[in-house]
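Shown next, in structure tokens, is the structure this report addresses.
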Number of protein chains: 2
Amino acid sequence: MKESYPIPMYYRLYKQLKERIMQGYYRDGKLPTEKELCDEFSVSRMTVRKALERLVIEGLIERKKGKGTFIRKVQGEEHLTKLTGFTEEVGENKVKSKVLANKLVRVPPEAKSVFNLPDGSLVVMLKRIRYIDDTPVAVEEAYLNPAVDVRILNILEKDMSKESLYRILRKEIGISLVRADEIIEVAELSSQQAKLLNLKKGKCALLRKRYTYTSDGQCVEYVVSMYRGDKFKFRVSRS
Amino acid sequence: MKESYPIPMYYRLYKQLKERIMQGYYRDGKLPTEKELCDEFSVSRMTVRKALERLVIEGLIERKKGKGTFIRKVQGEEHLTKLTGFTEEVGENKVKSKVLANKLVRVPPEAKSVFNLPDGSLVVMLKRIRYIDDTPVAVEEAYLNPAVDVRILNILEKDMSKESLYRILRKEIGISLVRADEIIEVAELSSQQAKLLNLKKGKCALLRKRYTYTSDGQCVEYVVSMYRGDKFKFRVSRS
DNA sequence: TCTGTTTACTTGTATATATAAGTTGATTTG
DNA sequence: CAAATCAACTTATATATACAAGTAAACAGA
């Protein structure tokens with residue numbers, strides 16, 4: 001990362017506490033009080049609270065007024081189940097993928113500003129055809145921002161025809177995905193896309209652009225997906 | 001500032017700002033500075049920041065150091081992070097409607113079970129063409145469940161070419177709409193729909209089915225809308 | 001004119017402090 | 001002994017203050 005630049009204290013504290021929680025340092029399931037953390041790290045209470053707040057948002061800890069701060073047993077399960085990738089959406093057993101590309105490319109213009117990267121930066125591009133029951137239903141092009149965590153580059157080495165991208169980001173790299181913005185529109189299949197999906201050029205499809213964000217608001221993923229219009233519907237729950 | 005309310009100030013501020021953003025109060029897409037908000041609401045900067053932080057997490061606003069706070073609205077897209085009707089989504093000044101029907105009909109089969117009504121019950125059906133800047137962009141067929149509140153029948157008497165349906169439901173009848181489930185898919189325009197939208201039959205469009213629920217879980221509205229595929233995008237925020 | 005520099009304004013980080021409101025256990029009181 | 005109270009803890013809310021770091025426009029000097 002950008003270790004040479006001054007990293008905010010609350011962020012370093014957040015990282016360190018997260019590390020400790022994941023390594024089982026607080027075995028009794030209880031974190032020190034705010035006061036104790038202030039003393040241990042020689043920071044003010046607000047700095048401690050800001051770090052703890054992030055852990056709450058990620059679902060790692062839970063705080064109770066008058067009692068203390070506790071590690072959640074099912075760490076963020078609820079958060080994780082809501083925001084899902086294709087594999088989780090459809091069900092692991094029926095879905096297959098064919099990897100068309102898994103390589104470094106220059107950041108595309110639509111992602112440049114959300115990724116907050118300079119022109120010409122390299123990002124991981126993963127292009128896959130998605131199958132359900134051996135029928136091709138979508139072409140998906142995902143761009144992943146390695147500035148969020150360098151281990152994202154490890155994806156290049158993986159066999160992504162079997163792996164779930166979101167599982168790797170969450171479980172292996174430990175990135176907590178908390179929000180996604182999607183834009184859904186109608187589009188016609190290009191000849192290339194039509195060929196990949198075994199359809200005719202010009203057929204209607206659902207085009208979904210998705211920006212996925214981590215708990216600290218960094219955009220880690222930009223996906224452009226083309227779904228067969230005759231096979232797919234999107235369900236949205238608003239409140 | 002000392003308030004005897006049980007609801008925290010930062011939360012009320014967050015709610016109010018959210019409301020304002022939704023209503024288009026900050027039309028230029030820019031929020032006041034922290035200082036200005038401090039002065040307007042007579043609170044400290046931390047309270048303002050805490051309110052704004054929530055809006056950032058929800059993806060409603062975006063903040064830039066040295067520049068200011070900006071509303072994350074992409075122009076030409078529906079702004080649907082809140083539960084809104086068409087009028088609120090697009091902005092009251094630009095939208096017009098033509099009423100094609102406003103009458104009692106038998107409950108359609110897709111709505112019968114969610115409305116929890118016996119076969120052949122009568123419901124209000126409101127069919128409208130929606131215009132933005134005098135261009136027809138959608139055909140909308142709304143079914144309203146009078147079992148939720150009999151005053152829904154009053155809609156039959158209203159001139160719905162000017163009124164916002166959601167305003168009537170919320171403000172006049174006092175129904176609180178809290179959740180909506182939507183299904184978005186691709187569809188081709190029927191000859192009738194094509195004629196209404198001034199397009200050719202068979203053109204691609206976005207078909208949205210929407211079920212809107214009240215706070216006590218009753219389904220009050222079922223809407224089938226056909227949006228021009230070339231004019232509309234749906235924006236969805238997931239978390 | 002163009003190029004740095006200053007200056008004012010923005011958000012970001014951080015400290016210190018005060019008060020409120022739940023929780024818990026010890027202490028007082030009937 | 002039992003119940004009420006109190007004291008000491010916890011997190012939650014809120015204020016005031018300070019400085020850092022980006023941004024942009026005004027300004028000065030070559």
Side-chain angles (χ1 to χ4, degrees), chain A residues 1-17 21 26 28-72 113 115-118 147 213-218, chain B residues 1-17 21 26 28-72:
Chain A
M1 281 214 250
K2 48 247 163 159
E3 236 69 340
S4 51
Y5 273 87
I7 296 167
M9 190 58 213
Y10 77 87
Y11 188 81
R12 283 183 286 165
L13 182 52
Y14 146 76
K15 277 286 190 191
Q16 191 160 353
L17 290 174
I21 291 167
Y26 300 116
D28 55 350
K30 192 177 189 305
L31 257 66
T33 68
E34 296 180 353
K35 177 80 169 56
E36 286 165 342
L37 289 171
C38 289
D39 294 345
E40 178 180 355
F41 294 96
S42 303
V43 294
S44 75
R45 210 180 137 209
M46 183 203 165
T47 306
V48 166
R49 283 183 60 78
K50 202 160 175 180
L52 291 173
E53 206 168 274
R54 302 256 315 233
L55 294 170
V56 170
I57 289 169
E58 290 185 12
L60 248 71
I61 62 170
E62 197 172 10
R63 319 198 67 200
K64 283 176 186 162
K65 198 192 293 186
K67 297 195 75 175
T69 304
F70 306 90
I71 296 168
R72 282 179 51 150
S113 71
F115 279 3
N116 202 21
L117 290 175
Y213 295 86
T214 67
S215 59
D216 50 345
Q218 286 185 100
Chain B
M1 179 176 202
K2 207 119 173 32
E3 294 283 349
S4 49
Y5 279 94
I7 301 164
M9 190 59 211
Y10 77 87
Y11 187 80
R12 283 182 285 157
L13 182 52
Y14 147 76
K15 278 287 193 191
Q16 190 162 351
L17 290 175
I21 291 168
Y26 300 116
D28 55 350
K30 192 176 188 307
L31 258 67
T33 68
E34 295 181 354
K35 174 82 169 54
E36 287 165 344
L37 289 171
C38 290
D39 294 345
E40 178 178 356
F41 295 96
S42 303
V43 293
S44 74
R45 207 179 140 207
M46 184 204 165
T47 305
V48 167
R49 284 183 61 78
K50 202 160 176 182
L52 291 173
E53 205 168 278
R54 282 187 77 123
L55 295 170
V56 170
I57 289 169
E58 287 185 13
L60 244 69
I61 61 170
E62 196 174 13
R63 319 198 66 201
K64 284 177 186 161
K65 196 193 293 186
K67 297 195 74 174
T69 304
F70 306 90
I71 296 168
R72 279 172 39 111

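All chains are named by letter (A, B, ...) in the order of the sequence lines, taking the proteins before the strands, and each is independently numbered beginning at 1.
Taking 4.5 Å as the limit, every side-chain heavy atom of B:Ile61 sits out of range of all side-chain heavy atoms of B:Leu17. Looking at A:Tyr10 and A:Val43, their side chains never come closer than 4.5 Å, going by heavy atoms from C-beta outward.
Side-chain atoms of A:Glu34 lie closest to D:dT11 of the nucleotides D:dT13, C:dA14, D:dT11. The side chain of A:Lys65 approaches C:dG22 more closely than any other nucleotide in the set C:dT13, D:dA14, C:dG22.
Atom-to-atom, CD1 of A:Ile61 to P of D:dT10 comes out at 15 Å; the value is rounded to the nearest Å. One interatomic measurement links the two molecules: NZ of A:Lys30 to P of C:dT24, which rounds to 11 Å at whole-angstrom precision. Per the geometry, CD belonging to B:Glu62 stands 16 Å off C1' belonging to C:dG12, to the nearest Å. If you take OH of A:Tyr14 and P of C:dA14, they are 15 Å apart, rounded to a whole angstrom. D:dT15 atom C1' lies 15 Å from atom CG of B:Leu13, rounded to whole Å. In this structure, A:Glu36 atom CD and D:dT11 atom P are separated by 8 Å, rounded to whole Å. In this structure, the CZ atom of A:Phe70 is 11 Å from the P atom of C:dT23, given to the nearest Å. Atom CG of B:Leu37 is separated from atom P of C:dT10 by 11 Å (rounded to the nearest Å).
Contact annotation: A:Arg63 does not reach the phosphate of D:dT10 (side-chain N/O to OP1 or OP2, under 4.0 Å). Taking only side-chain nitrogens and oxygens, B:Thr69 never comes nearer than 4.0 Å to OP1 or OP2 of C:dT10. A:Lys67 has a side-chain polar atom (N or O) that falls below the 4.0 Å cut-off from OP1 or OP2 of C:dT24.
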Check your understanding: For A:Glu40 and A:Leu37, what are the C-alpha separation, side-chain angles and deciding distance, and is it a side-chain contact (heavy atoms from CB on, under 4.5 Å)?
Key -> CA-CA 5 Å; A:Glu40 178 180 355; A:Leu37 289 171; 4.2 Å; yes

Practice item. In sequence, state the C-alpha distance, the side-chain angles, and the governing distance for A:Thr69 and A:Leu55, and then conclude on side-chain contact (heavy atoms from CB on, under 4.5 Å). Key: CA-CA 11 Å; A:Thr69 304; A:Leu55 294 170; over 6 Å; no

Point to revise | Trace of the side-chain contact (heavy atoms from CB on, under 4.5 Å) decision for B:Tyr11 with B:Arg54 | key: CA-CA 9 Å; B:Tyr11 187 80; B:Arg54 282 187 77 123; 4.0 Å; yes

Exercise for review: Report the C-alpha distance between B:Leu31 and B:Ile71 in whole Å, list the side-chain angles of each, state the deciding distance to 0.1 Å, and finish with yes or no for side-chain contact (heavy atoms from CB on, under 4.5 Å).
Suggested key: CA-CA 7 Å; B:Leu31 258 67; B:Ile71 296 168; 3.5 Å; yes

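Summarising the local packing, NZ of B:Lys35 is surrounded by 12 or fewer heavy atoms from other residues, nucleotides or ligands at distances under 6.0 Å.
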Study note, to complete from the structure: Letter by letter from the 5' end, nucleotides 4-9 of chain D scores (B base, S sugar-phosphate only, - none; protein heavy atoms under 4.0 Å) ------

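Contacts of B:Lys64 with the nucleic acid, taken as non-hydrogen atoms under 4.0 Å apart, involve only primed sugar atoms and P, OP1 or OP2.
Looking at A:Arg63 and A:Glu34, a side-chain N of the basic residue comes within less than 4.0 Å of a carboxylate O on the acidic one, giving a salt bridge.
For B:Arg72 (side chain) and B:Glu62 (main-chain N/O), no donor-acceptor pair under 3.5 Å exists by modelled atom type.
Listed in residue order, the members of residues 40-55 of chain A having a heavy atom less than 4.0 Å from DNA chain C are A:Ser42, A:Val43, A:Ser44, A:Arg45, A:Met46, A:Thr47, A:Lys50.
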